[in-house]
Amino acid sequence: MMFYTPIALAGALLLAAIPSTTAYSLGTCSGRAVHGAASVSNSGLTTVNGDLSVSPAAGSTVTGFGTGAGVITGTFYSPPDTEASDCEGDIATLYNDLVAETTGVTPVTDELDGSTLLANVYAFATTAKLSNGGTLTLDGNGVSTGKWVFKIGSALSTTVGSSIVLTNGAQACNVYFQVGSSAVIADGTSFQGNIVASQSISVGNGATVNGNLLAKVASVSLIANSITACT
């Protein structure tokens, strides 16, 4: 099977795939819809479909959940709960595993809008963005076990109303965005996949995420979102 590298992304169908046997483990973060190392803050009627945790510091905080505010359908973990500290360690392991993954495609643009991508490892030296309220399509090519890894040197961002669409068997829980700094998901974005960020993750008003939000060092902020965990 051939790799095409470097290649422009916008409007491209990339004709390469990594083996479906490639595995990345969420470890104790399985089912952890949201984890923030420093804090998790929420404004509005967010629903976290899964567990939520903060760690490692005893001073790590969670705000904006409770009566008339955000809802956590699973369990909330914080220090000294071992479930919180164990997840923090597993995030670091997963992050490092993704960084170390062999690159399959090196795009020549940081723009994801208009692209249709098969399962592969995509490496962006600096930023990756989904602009213009556009759409990124992940095509499973009839295989439900394909993996997508986006290795992003610094920041990940979307614009208002952007979307990631899964077709032909692609599964959100098999999609990983390794972010070297922070991720900003704009208002109304429909996002598919796990975000594993070195620093912070911000999710704008009304955006939905089908995947885990895992901030290794800093915080996660939410505004009237629906977040559904991978297990």
Side-chain angles (χ1 to χ4, degrees), residues 3 5-7 9 14 16-38 53 55 87-112 115 117-130 136 138 145-158 162 164 166 170-186 189 191-203 207 209-221 227 229-231:
F3 292 102
T5 180
I7 189 167
L9 276 176
L14 301 184
I18 57 175
S20 60
T21 55
T22 302
Y24 310 100
S25 175
L26 291 170
T28 56
C29 299
S30 178
R32 199 70 49 92
V34 178
H35 177 92
S53 62
S55 184
C87 180
E88 180 73 18
D90 286 341
I91 291 171
T93 299
L94 174 59
Y95 183 91
N96 291 336
D97 287 346
L98 294 172
V99 168
E101 183 59 79
T102 301
T103 298
V105 173
T106 303
V108 297
T109 174
D110 62 358
E111 181 58 70
L112 296 168
S115 298
L117 306 182
L118 300 181
N120 212 319
V121 180
Y122 300 91
F124 299 80
T126 54
T127 62
K129 60 187 180 182
L130 182 51
L136 166 64
L138 304 181
T145 53
K147 309 293 194 301
W148 287 257
V149 176
F150 296 87
K151 298 166 56 175
I152 302 166
S154 57
L156 168 68
S157 64
T158 73
S162 299
I164 298 177
L166 307 177
Q171 303 294 313
C173 293
N174 290 338
V175 180
Y176 297 86
F177 291 84
Q178 172 266 313
V179 183
S181 58
S182 297
V184 178
I185 307 305
T189 296
F191 195 91
Q192 307 282 341
N194 302 287
I195 299 177
V196 188
S198 175
Q199 298 296 318
S200 64
I201 303 171
S202 300
V203 186
V209 178
N210 189 11
N212 296 4
L213 301 177
L214 307 174
K216 187 164 73 80
V217 174
S219 302
V220 178
S221 62
I227 314 297
C230 287
T231 58

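- For Thr231, the side-chain contact (heavy atoms from CB on, under 4.5 Å) partners two or more places apart in sequence, or in a different chain, are Ser30.
- Taking both residues in full, the closest heavy atoms of Ile227 and Gly211 are given as CG2-O, 3.8 Å, listed atom of the first, atom of the second, then distance.
- When all heavy atoms are compared, the tightest approach of Val179 to Ser182 is CG1-O, 3.4 Å.
- Side-chain atoms of Glu101 and Tyr176 include no donor-acceptor pair closer than 3.5 Å.
- Between the Asn212 side chain and the Asn194 main chain, no donor and acceptor come within less than 3.5 Å of each other.
- Not one N or O on the side chain of Thr103 forms a donor-acceptor pair closer than 3.5 Å with the backbone of Ala123.
- Looking at Trp148, its side chain never comes within 3.5 Å of a backbone N or O of Ala170 through a donor-acceptor pair.
- Smallest separation of non-hydrogen atoms from Gly31 and Ala229: O-CB, 3.5 Å.
- Pairing each heavy atom of Leu213 with each of Ile201, the nearest pair is C-CD1, 3.9 Å.
- A distance-only check finds no donor-acceptor pair linking the side chain of Lys147 to the backbone of Asn174 [under 3.5 Å].
- Using a 4.5 Å heavy-atom threshold, the side chains of Leu26 and Leu94 count as touching.
- If you take CG on Leu214 and CD on Gln178, they are separated by 12.5 Å, rounding to the nearest 0.5 Å.
- For Phe177, the ring-ring contact (aromatic ring centres under 6.0 Å, His included) criterion is met by Phe150, Phe191, not counting sequence neighbours.
- If you take OG on Ser53 and CD1 on Ile91, they are separated by 6.5 Å, rounding to the nearest 0.5 Å.
- In this structure, CG in Leu138 is found 6.0 Å from CG in Leu117, a value given to the nearest 0.5 Å.
- The heavy-atom pair separating Gly193 from Val209 by the smallest distance is O-CG1, 4.1 Å.
- With sequence neighbours left out, the side-chain contact (heavy atoms from CB on, under 4.5 Å) criterion links Ser157 to Lys129.
- In this structure, the side chains of Ser25 and Asp90 stay at 4.5 Å or more apart for every pair of heavy atoms.
- Here the closest heavy-atom approach between residue Tyr24 and residue Val149 is recorded as OH-CG2, 3.4 Å.
- For Ser219 (side chain) and Ser200 (main-chain N/O), no donor-acceptor pair under 3.5 Å exists by modelled atom type.
- Residues passing the side-chain hydrogen bond (donor to acceptor under 3.5 Å, both in side chains) test with Ser181: none are found, sequence neighbours excluded.
- By the side-chain hydrogen bond (donor to acceptor under 3.5 Å, both in side chains) test, Gln192 is found to be paired with Asn210, residues two or more places apart in sequence or in another chain being considered.
- Under the side-chain contact (heavy atoms from CB on, under 4.5 Å) criterion, Ala128 pairs with Leu112, Phe124, Ile152, Leu156, not counting sequence neighbours.
- Of the inter-residue distances, the one linking Cys87 atom SG with His35 atom NE2 reads 5.0 Å to the nearest 0.5 angstrom.
- The line from NZ of Lys216 to CD of Gln199 is 7.5 Å long, rounded to the nearest 0.5 Å.
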